[in-house]
Amino acid sequence: MLKHLFTLIWNKKKQHALLILEMIVSFLVLFAVFTLIVYYYTNYRRPMGFRYDNVLSVSYSSQPGSGSNRDSIYNVFQTLRRSVKSMPEVIEMSYVSSNSPFSMNTSNNGVSYKGVSEMTNYYTTDDHFPEVMEVKMVEGRWFNANDALGKEQPLVINDVLKEKFFPNESAVGKTLEFGDGMHRITGVVQTLKDKGDYAPLKPGTYKRVRDSSFMGRVLVSYNPAADAGFESRLFITFSGVLKNYTIEIERLAEKRVIMNNTTLVPMIALLVVGGFLIVNVALGIFGVLWYNVSRRRAEIGLRRAMGATGGGIAGQIVSETLVLSTFALIIGIFFAAQFPLLNLFDMPSGVYIAAILLSVLFIYVLVIICAFYPGRQAAQIYPAVALHED
Amino acid sequence: MIHLQNIEKVYRTDTVETQALSSINLNVAKGEFLSIMGPSGCGKSTLLNIMGLLDEPTRGSIRIADSTADKLSDKQLAHFRNRTIGFIFQSYHLINDLRVLDNVELPLLYRKSTAKERKQLALEALEKVGLSNRTKHFPTQLSGGQKQRVAIARAIVGQPEIILADEPTGNLDSAMGSDVMDILIRLNKDEGTTIVMVTHDENMARKTHRLVRLFDGSQVQ
Ligand SMILES: Nc1ncnc2c1ncn2[C@@H]1O[C@H](COP(=O)(O)OP(=O)(O)O)[C@@H](O)[C@H]1O
Ligand SMILES: [Mg+2]
């Protein structure tokens with residue numbers, strides 16, 4: 001019977017060309033949507049790697065004309081650290097580069113090991129970063145002041161980079177060529193998903209900055225019991241030390257929401273557009289099937305006369321539609337498969353494969369739903385009446 | 001073979017009620033070639049459809065090939081139509097999107113059979129109607145007479161005991177019509193197939209064993 005239906009559909013392929021095209025387009029739209037959903041979902045499932053509750057991000061920039069020499073800057077930031085630390089609510093603070101968690105900034109740098117080089121997110125922080133962020137060390141430890149005494153500067157890498165360079169061995173103690181010279185790895189940190197819940201994990205390196213250098217940003221972890229006035233007191237502390245600076249305090253937890261929205265909002269828009277498209281296609285398929293059934297009453301009556309049961313006719317209508325969608329899916333999958341094959345967009349091929357499977361499943365379910373009612377109508381066509389008309 | 005007792009058929013729509021058949025009593029013996037004549041609209045097709053279990057009578061009982069036809073389930077009806085009866089229609093009712101061979105195989109799709117068996121039987125049936133050289137054609141590429149021969153091949157491919165033919169020559173010129181008639185006569189003679197044929201043509205009717213005339217839903221002869 002299946003072969004019969006294939007023959008029937010194949011012979012009618014010109015009539016069905018538009019419907020097939022419509023199915024191909026909807027498959028590709030679904031494929032795009034599912035690719036993003038699967039991609040974001042797998043990213044979302046991964047641990048954040050740091051804490052964002054009860055952490056404030058304080059940025060400051062000096063106003064023009066307030067330049068001062070390096071030593072005095074050093075002193076200012078030593079003082080700032082002391083003043084902030086002396087606040088009872090504050091647990092720890094850390095100077096960080098502007099690509100701190102949930103900021104829009106990124107900073108990239110190449111790093112190479114034994115001639116193989118890799119692009120990494122390049123962070124600069126001080127020794128207190130792990131305590132503020134509650135990061136998890138996978139191996140070794142965070143750098144500290146003693147590491148600065150050695151010939152090579154210390155470096156912490158994340159586990160994504162570790163997997164690239166040292167998949168089967170320990171990274172601690174290895175030296176990497178990085179920026180201004182050779183760096184020795186003191187530890188491997190669990191990768192921080194610092195561009196939001198839906199962001200991928202990327203290779204990263206953490207370079208040590210001398211305590212209290214000018215960094216432009218501070219992360220402050222504080223006691224959850226801190227009262228509402230804490231932020232304004234913190235602001236006063238900052239502006240007391242950093243005169244002539246513009247100071248901005250943000251909550252990391254809020255920055256996370258904003259960051260996530262940059263992914264979610266376009267995604268929701270895409271889902272809405274995709275949803276409309278799918279509803280349209282579903283109505284289209286339904287309409288075409290409905291029309292086909294009414295046009296094929298004589299054929300259906302004939303099949304009944306030849307020994308088809310009502311259920312058999314309904315099954316035929318549904319199966320035909322499945323065969324038709326299989327034609328469309330074969331073509332659609334051919335196009336979709338180019339993404340993993342040509343490695344476009346740098347996504348793991350598992351994401352594409354999962355998206356293809358989900359889209360195929362979705363199309364089949366959609367088509368069965370659309371074909372169900374026309375199929376049932378066809379089953380109720382009375383053979384004598386259908387053969388009488390024409 | 002076919003026993004109709006007090007068959008009555010009333011078509012009811014919202015506004016009109018049509019008495020298509022009234023008190024038809026008819027027996028067709030095994031191996032008989034019966035023709036039915038009557039003016040248009042007198043109920044010939046209705047009668048044939050009832051005999052073929054495509055339609056139910058409003059009243060009366062039918063026994064065909066030793067089984068009582070009422071109270072059959074949808075599945076049993078389908079099985080019966082498939083096994084026992086071959087239909088031929090005035091307007092052929094071929095599926096235009098299928099090649100001749102696939103059209104002829106159609107009844108075999110609704111029973112257990114392999115693709116090889118189907119092809120074998122369909123080719124044999126096409127051989128019998130003299131169309132072995134047209135198996136790959138589409139119905140639209142055939143003449144009316146050829147189409148009706150394909151329809152006959154389709155009716156006989158499942159080797160039914162009974163063939164019901166509704167004006168099989170109605171759309172054909174006399175030459176093509178007598179070709180078709182010859183095939184039916186041969187089928188009746190050689191294979192003993194019981195045939196009931198509706199026709200408008202006295203000459204055709206004369207070639208059959210027995211003629212039944214209908215007028216306004218009633219049997220007149
Ligand atoms: N499905 C139907 N609904 C209503 N009336 C019908 C239907 N089929 C046939 N009839 C009526 O029943 C009568 C007999 O029709 P039919 O058996 O087709 O006649 P014939 O084949 O002898 O020309 C006609 O009056 C026709 O209009
Ligand atoms: Mg008629």
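Per chain, numbering begins at 1; letters A, B, ... match sequence-line order. Keep in mind the model is a prediction, meaning the values are calculated, not measured.
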Neighbour count above 12 (heavy atom, 6.0 Å) for B/E127 CD: no
Greatest number of heavy atom pairs closer than 4.5 Å to chain B - which of A/H4, A/K3, A/E299: A/H4
Side chain / backbone / both / neither for B/E56 at chain A, heavy atoms under 4.5 Å: both
Structural part of A/L302 lying under 4.5 Å from a heavy atom of chain B: side chain
Distance (rounded to the nearest 0.5 Å) between A/T7 OG1 and B/E105 CD: 8.5 Å
Pairs of heavy atoms under 4.5 Å with chain B: top-ranked of A/R303, A/M1, A/Q15: A/R303
Among B/L54, B/D55, B/L77, the one residue meeting side chain to side chain contact (heavy atoms under 4.5 Å, CB included) with A/P383: B/L54
Residue A/Y382 excluded, over 12 heavy atoms near OH under 6.0 Å: yes
Heavy-atom neighbours of A/R45 CZ exceed 12 at 6.0 Å: no
CZ (B/F138) with more than 12 external heavy atoms under 6.0 Å: yes
Over 12 foreign heavy atoms within 6.0 Å of CZ, A/F6: yes
Closest heavy-atom pair and its distance - A/A305, B/F89: CB-CZ, 4.5 Å
Residues, nucleotides or ligands: over 12 heavy atoms within 6.0 Å of A/K13 NZ: yes
Test item: A/R304 and B/Y110 side chains (from C-beta on) under 4.5 Å apart, heavy atoms: no
Heavy-atom check, side chain of A/R296 versus side chain of B/I95, under 4.5 Å: no
Most contacts with chain A, counted as non-hydrogen pairs under 4.5 angstrom, among B/R81, B/R99, B/K75: B/R81
Contact check, side chains of B/R154 and A/M306, non-hydrogen atoms, under 4.5 Å: yes
Greater than 12 external heavy atoms within 6.0 Å of A/L18's CG: no
Toward chain A, the part of B/D74 with a non-hydrogen atom under 4.5 Å: both
Atom pair CG (B/D97) and CD1 (A/I9), whose distance is rounded to the nearest 0.5 Å: 9.5 Å
Side chain, backbone, both or neither of B/F80 within contact of chain A (heavy atoms, under 4.5 Å): neither
Residue selection (most heavy-atom pairs with chain A, distance under 4.5 Å) from B/N82, B/N49, B/D166: B/N82
Gap separating the CG atom of B/L98 from the CH2 atom of A/W10, nearest 0.5 angstrom: 15.0 Å
Gap separating the CG atom of A/N11 from the CG atom of B/N96, nearest 0.5 angstrom: 11.0 Å
Neighbour count >12 (heavy atoms, 6.0 Å) for atom NZ, A/K12: yes
